[in-house]
Each structure stands twice: as C-alpha cells, then as structure tokens.
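Input: a single structure, listed below in structure tokens.
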Amino acid sequence: MLQLFFARLLSMFGVILGVVTLVFLLIHLVPGDPVQAMLGESATATDQVALRHALGLDQPLLTQYFNTLQNLVRGDLGTSLYSKEPIREMLARRIPVTVLLTLAGLAVAMAIALPLGSVAALNKDKFWDYTAMSFSLLGISVPHFWLAPLLIMIFSLHLGWFPVSGYQSWDSLILPALTLGTALAAILARMVRATLLEVLNEDYIRTARAKGLSRRAVIIHHALRNAALPILTVLGLQLGALLGGAVITETIFSLPGIGQLTVESIQRRDYPVVQACVLLISVSYVGVNTFTDLLYSWLDPRVHYHA
Amino acid sequence: MLKWRVLIPSVILGSWAILSLVAQWLPLHPNQITLAAILQPPSFDAILGFDDLGRPLLARLLMGARTSFFVAFWVVLISMSFGTLIGMISAWLGGYVDLWIVRIIDVFLAFPSILLAIALSGLLKPDISNVVFALSAVGWVGFARLARAQTLSLKRREHVQAAVALGAGNFRILRWHVLPLLLAPLTVEATFGIAGVVIAEAGLSFLGLGVQAPAASWGSMIRDGTLYMLIAPHLVLAPGIALCGVVLSVNLLGDRLRDYLDVKRKD
C-alpha cells in the first residue's frame with residue numbers, strides 16, 4: 001500500500017511538472033508574437049519592450065523557465081498586469097466559489113444519475129430504459145451555454161424563483177449547479193447502467209436473492225455498492241469536464257470564481273493570471289485523479305495484485 | 001424502430017450540410033440590416049424573425065452552420081491524422097520513444113480539454129483558423145491514445161508478424177497492415193469527435209474567443225441573444241435548437257455506428 005502510494009505520488013509530480021512546462025511554453029509555442037497580441041497593433045515599440053521586460057520575456061528561455069519553477073516552489077505566482085495585485089491573493093478569494101459550484105454540480109449529477117441509471121439497468125430494453133437513456137443522450141447533447149439561458153428564462157424570468165446571475169446567497173448557486181450537473185449526470189447515468197448490468201449478473205447477487213433478501217435491499221446493499229468503484233473512477237475522470245464546464249457556467253451566471261477570472265483575464269490580456277488559473281485548475285484535476293486512484297485501491301483490496 | 005434512428009439524424013445532418021454548402025448561392029442577406037425589423041419575432045416574411053441588429057435570423061443560422069461544419073471538418077481531419085500517426089509510431093517503435101510520447105499524452109490529458117482550448121485561443125488572435133488550431137491542439141490526444149492502444153495489440157497479430165518476417169519496412173507495415181485495421185475504431189472516435197468539436201467551437205465563440213463579427217457562429221448568436229432573452233427569446237432558442245439537433249444527430253449516428261462495427265468485429 002505504501003509503495004503504491006509513493007509510486008502514484010511520484011507519477012503525479014511528474015505530470016504536474018509537465019503541466020507547468022506546457023503552461024510555461026504556451027506563450028512561446030503559439031504562432032505569432034504574444035506581446036503584440038496583448039497590446040494590439042497600434043502599440044509603440046517602447047510599450048512592447050516594457051511589457052516584454054515586465055513578463056521576463058527578454059531573458060533566455062531556460063532562465064525564464066527556472067525562474068518560473070523557483071517562484072512556483074515558493075508559492076509566488078507573480079502579479080496581475082491589470083490590477084497589479086498578487087495573483088495568489090486573487091486566486092484565494094475566488095477558489096471557494098468554484099469549489100462550492102463544483103461540489104454542488106457533482107451532487108446534482110449524482111442525484112440524477114444514480115436513480116436514472118438504476119431504473120434503466122433494472123428495466124433493461126424496456127420502456128423506462130429507453131426513456132432514461134434518451135434523456136441521457138439529450139443531456140450529453142445540450143451544451144452548458146444553452147442550458148443556462150434556458151434555465152434562466154424559465155426559473156428566473158418567468159417563475160422568478162432564483163436570481164438571474166451574480167453571487168449573493170446560496171440560492172444563486174442552484175441554477176449554475178443544475179447547469180453544470182446535468183451534462184455530467186447524463187454521462188454518469190450511462191456508466192451506472194452499464195456497471196449495474198454487469199454486477200447484476202454476478203453470483204453473489206443471486207445468492208443474496210436466494211437467501212430471501214428483498215429486491216430493493218439487494219440493489220442498494222449488494223449491487224450499487226459493488227458498482228460504486230467503477231463509478232468513482234469515472235467521476236474522477238469527469239471532474240476535468242466539470243472544471244472546464246465551470247469556466248463557462250461561471251461566466252454565464254457572473255459567479256466570481258476561478259473560471260470567470262480566467263475568461264476576464266483573457267479579455268484583459270492579463271497573461272500571468274490566465275497562466276495561473278489554467279495551472280491551478282489542471283493541478284487540482286491531477287490531484288483529484290491521483291486521490292481517486294488511491295481511494296480505489298484502498299476500497300478494493302483486489303486492486304493491489306494488479307498494482 | 002431501428003430505421004428511424006438512423007434516418008432522422010441522417011436527414012437532419014444531411015440537410016444542414018447541403019444547405020451550408022449551397023448557402024452562398026441562395027438569396028440570403030445575413031449581414032443586411034433592416035432597422036425597422038429589429039428583434040422582430042418569426043413571421044411569414046422571415047421564418048425565424050430578426051436579430052438585435054435587424055438581420056434575418058435564418059440567414060445568420062445558415063452562416064453559423066457553415067462555421068460549425070468548417071471547423072468540425074478541419075479539426076477532426078487534422079487531429080485524426082496527427083494523433084493516429086503519433087499513436088502508431090509510439091506503439092510500433094516502443095522503448096524510449098513510446099515512454100516519452102505517453103508522458104506527453106498524459107500531460108495533455110491533465111488539462112480539462114476545453115480549458116486548454118480556451119487558453120490557447122485566448123492567446124491567439126480570435127479568428128476561425130486559430131479556433132481550428134486550438135481545438136486540434138487539444139483533439140489529437142484522444143486519437144493518439146486510441147491508435148496507440150490498438151497498434152499495441154495489432155503488433156502481435158500473425159499477419160503483422162508475417163510482414164516483419166518477410167522484411168517489410170516500418171512504413172509499409174504501418175500503412176498497409178496496421179492502418180486498415182485501425183479505421184473502424186478511428187471512425188467511431190471521429191464521429192463523436194465531430195459532436196465534441198461542434199460544441200467546443202460554439203463554446204469558444206460564446207466566450208467571444210471564436211469567429212468575430214460579422215461572421216456568424218451558433219455560439220456567438222446564443223451569447224448575443226442572451227441579452228434579449230426576455231423580449232426576444234427566439235434569438236437564443238433558434239441557434240440552440242440547431243446546435244442541439246446537430247450534436248444529438250451526430251451522437252445517435254455514432255452510437256449506431258459503434259454497435260454496427262462491433263457486431264462486424266465479433267463475426
């Protein structure tokens with residue numbers, strides 16, 4: 001277990017180093033001059049030199065790279081070009097909203113997917129299966145940025161139940177969480193159905209039924225519990241989509257989170273902040289996936305033999 | 001039962017494809033502003049009404065379809081070619097080449113894909129070719145992973161071993177003995193890829209990072225429409241329904257295609 005733990009941790013740091021490198025290289029790899037793109041075509045040569053210097057782009061590539069790494073290890077993410085604030089403080093202020101939104105989205109997804117997938121699996125190839133899977137297909141095909149305006153139109157404008165946008169209290173999070181959770185619920189419901197169908201054919205399910213347990217008890221205590229593991233893995237992998245979706249969702253609902261900061265910074269051409277946001281989101285994604293991996297092997301002793 | 005599930009999506013996709021191909025010869029005026037018609041709802045004269053600048057929505061929708069199909073075609077073509085090439089080479093050569101390519105793939109997978117596309121197109125000047133670049137830079141990874149996994153298992157097949165024994169070169173084996181067998185899974189992946197790219201392009205345009213005015217994209221149409229949701233809901237509904245219709249059709253066809261190709265493989 002300990003060996004697996006350190007092996008996973010090591011590979012996580014490898015990937016994180018790669019992520020840092022790629023984010024660092026983004027500005028150099030993209031065709032064209034980023035400084036010119038940031039300042040626009042009418043910028044004077046003096047301004048361009050000044051910005052180049054402020055970003056450290058006038059130094060040799062390797063020096064820049066090691067400076068970046070050194071600063072990151074010290075927890076220094078630089079300062080914003082736009083507000084001159086330390087980026088670390090900007091992120092710290094925004095993180096809670098994004099974490100709340102992501103967790104709420106996750107909860108919505110689970111609340112929809114578990115019953116939907118179970119109903120589909122238990123009524124395989126029957127009416128409810130088709131209905132549930134059609135809904136799931138619809139959920140996959142409706143993008144966040146269209147579902148959100150629809151929800152706003154129905155629940156905020158016509159019914160007046162929730163605020164249109166902004167972040168005042170907990171009910172500001174309901175529509176964004178619904179937006180974010182539905183797409184994930186659709187994917188998850190398919191996964192729950194497939195896993196449950198596999199599990200339901202196992203011997204221990206038949207044994208549980210044979211010893212006289214009710215259908216309901218068998219599904220909740222025997223089938224869903226064993227189906228939980230693959231579902232957990234998918235959940236970890238889908239967190240990336242959830243975080244990516246949070247960028248769009250936060251922008252639509254004007255939630256002051258990391259995603260909104262990313263888009264705002266792109267519009268302001270505040271390059272260091274964009275870099276920091278992308279880094280933060282990707283590193284948390286890698287972290288959660290490593291954690292899921294470890295959790296998986298802790299929950300299921302069989303995984304050890306393969307590790 | 002089975003027939004309409006193929007027929008309806010094919011008809012939807014086919015008519016969009018034909019309409020967007022012939023759109024330039026149709027009597028449409030997507031950029032013509034009629035001030036008197038601003039935000040007018042659908043009527044007999046204009047089937048889908050007018051947008052916030054008094055431009056006919058139907059014509060704009062067709063322009064948006066052109067954008068969608070253009071981006072989807074090029075992104076899937078580029079990322080499939082590049083990804084497949086990288087994946088095949090990686091699996092075939094093995095050793096350090098494979099090790100490093102897998103590491104690079106892992107790093108790309110560590111980004112939520114839409115986030116990397118947003119960051120890339122945010123750095124570049126917003127226009128259609130940069131959208132293609134950003135989405136291809138993200139899209140090749142899936143194809144590379146698939147091609148690598150498939151090539152690894154094909155490597156041990158008898159016909160490939162026989163080709164090696166006969167002294168065929170690397171290129172010859174990959175082109176004539178491996179690639180043909182990769183086509184089925186790659187086609188399925190590409191089909192779902194189209195759905196993903198159509199949504200991603202609209203998403204980028206929604207954020208203002210895609211095609212720029214006066215060119216139309218379904219994503220930017222939805223964004224512009226959200227400002228007038230209360231008085232002119234058709235501005236949001238029309239492009240959204242078009243977008244979902246296309247994505248849903250592609251997903252349905254992809255599902256059928258996957259089932260069909262799987263059945264064939266089992267035979």
Side-chain angles (χ1 to χ4, degrees), chain A residues 11 14-19 21-23 26-27 29-32 34 36-38 137-138 140-150 152-153 156-158 164 237 239-248 251-252 259 262-263 265-267 269 271 274-275 277-278 281-283 285-286 289, chain B residues 1 103-126 129-130 133-134 137 192 195-196 198-200 202-209 218-219 222-223 225-226 229-230 233 235-237 239-241 243-252 255:
Chain A
S11 81
V15 172
I16 287 181
L17 187 66
V19 167
T21 312
L22 188 61
V23 170
L26 273 183
I27 199 169
L29 283 181
V30 294
Q36 203 179 2
M38 270 183 242
L137 196 64
L138 200 67
I140 293 174
S141 308
V142 177
H144 294 120
F145 52 86
W146 193 53
L147 184 62
L150 283 190
I152 293 178
M153 256 194 256
S156 302
L157 298 180
H158 288 291
V164 173
L237 288 174
L239 188 85
L242 209 57
L243 287 170
V247 175
I248 289 177
T251 310
I252 300 173
T262 313
V263 174
S265 306
I266 285 176
Q267 278 154 1
R269 299 261 159 220
Y271 184 71
V274 179
Q275 239 175 346
C277 290
V278 173
I281 296 179
S282 308
V283 168
Y285 179 42
V286 174
N289 265 325
Chain B
M1 183 71 187
R103 288 208 175 141
I104 292 172
I105 290 178
D106 276 347
V107 168
F108 270 85
L109 286 176
F111 291 93
S113 59
I114 186 72
L115 181 72
L116 196 57
I118 288 173
L120 267 176
S121 44
L123 278 178
L124 300 161
K125 260 187 225 141
S129 56
N130 284 335
F133 172 80
F192 289 117
V198 168
I199 288 193
L204 289 180
S205 297
F206 180 87
L207 293 174
L209 303 170
W218 290 342
I222 293 177
R223 181 196 51 189
T226 50
M229 267 190 300
L230 204 55
L235 293 190
V236 171
L237 291 178
I241 290 171
L243 181 65
C244 291
V246 165
V247 173
L248 197 62
S249 305
V250 173
N251 278 335
L252 275 171
D255 269 355

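Values below: all heavy atoms of this structure, side chains included; hydrogens, waters and symmetry mates excluded. So that the names make sense, note that chain A is the first sequence line, chain B the second, and so on, each numbered from 1.
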Residue part contacting chain B, namely of A:Val263, when any heavy atom lies under 4.5 Å
side chain

Residue B:Leu204 versus chain A: region with a heavy atom under 4.5 Å
neither

What part of B:Ile222 gets within 4.5 angstrom of chain A, counting heavy atoms only: side chain, backbone, both, or neither?
side chain

Return the minimal non-hydrogen interatomic distance between B:Leu109 and A:Tyr285, and the atom names on each side.
O-CE2, 3.4 Å

Passes side chain to side chain contact (heavy atoms under 4.5 Å, CB included), A:Val247 versus B:Ile114? Steps please.
CA-CA 9 Å; A:Val247 175; B:Ile114 186 72; over 6 Å; no

Out of curiosity, A:Ser141 OG to B:Ile199 CD1, how far, rounded to the nearest 0.5 Å?
6.5 Å

Heavy-atom nearest pair, B:Phe111 first then A:Ser282, reads CD2-OG, 2.9 Å

Interface moiety of A:Gln267 toward chain B, non-hydrogen atoms closer than 4.5 Å:
side chain

Gap separating the CG atom of B:Asp255 from the CG atom of A:Leu137, nearest 0.5 angstrom
6.0 Å

For the residue pair A:Leu243 and B:Pro112, what are the closest heavy atoms and their distance?
CB-CG, 4.4 Å

Here the pair of heavy atoms bringing B:Gly203 nearest to A:Ile248 is CA-CD1, 4.5 Å

Using heavy-atom distances under 4.5 Å, tell me whether A:Val15 contacts chain B through its side chain, its backbone, both, or neither.
both

The reported gap from CD1 in A:Ile140 to CG in B:Leu248 (rounded to nearest 0.5 angstrom) is 9.5 Å

What residue in A:Gly14, A:Pro149, A:Gly259 has the most heavy-atom pairs under 4.5 Å with chain B?
A:Pro149

Using a cut-off of under 4.5 Å on heavy-atom pairs, state which of B:Ala202, B:Ala117, B:Ser121 scores highest against chain A.
B:Ala202

Side chain to side chain contact (heavy atoms under 4.5 Å, CB included) between A:Thr251 and B:Phe206, worked out:
CA-CA 10 Å; A:Thr251 310; B:Phe206 180 87; 5.5 Å; no

Step by step, would you call A:Val278 with B:Ile118 a side chain to side chain contact (heavy atoms under 4.5 Å, CB included)?
CA-CA 10 Å; A:Val278 173; B:Ile118 288 173; over 6 Å; no

Heavy-atom check, side chain of B:Cys244 versus side chain of A:Pro143, under 4.5 Å
yes

Part of A:Ile152 lying under 4.5 Å from any heavy atom of chain B
side chain

Which region of A:Leu147, side chain (C-beta onward) or backbone (N, CA, C, O), has a non-hydrogen atom less than 4.5 Å from a non-hydrogen atom of chain B, or is it both or neither?
neither

Quick one, B:Val107 and A:Leu17 - any side-chain contact, counting heavy atoms below 4.5 Å?
no

Chain A heavy atoms under 4.5 Å from B:Ala110: which part of the residue, side chain, backbone, both or neither?
both

Of the listed residues (B:Leu252, B:Leu237, B:Val250, B:Val246), which shares the most heavy-atom pairs with chain A below a 4.5 Å separation?
B:Leu237

Between B:Leu209 and A:Ile266, what is the shortest heavy-atom contact and its length?
CD2-CG2, 3.6 Å

Donor-acceptor pair, distance only, cut-off 3.5 Å: does the side chain of A:Trp146 make one with the backbone of B:Val236?
yes

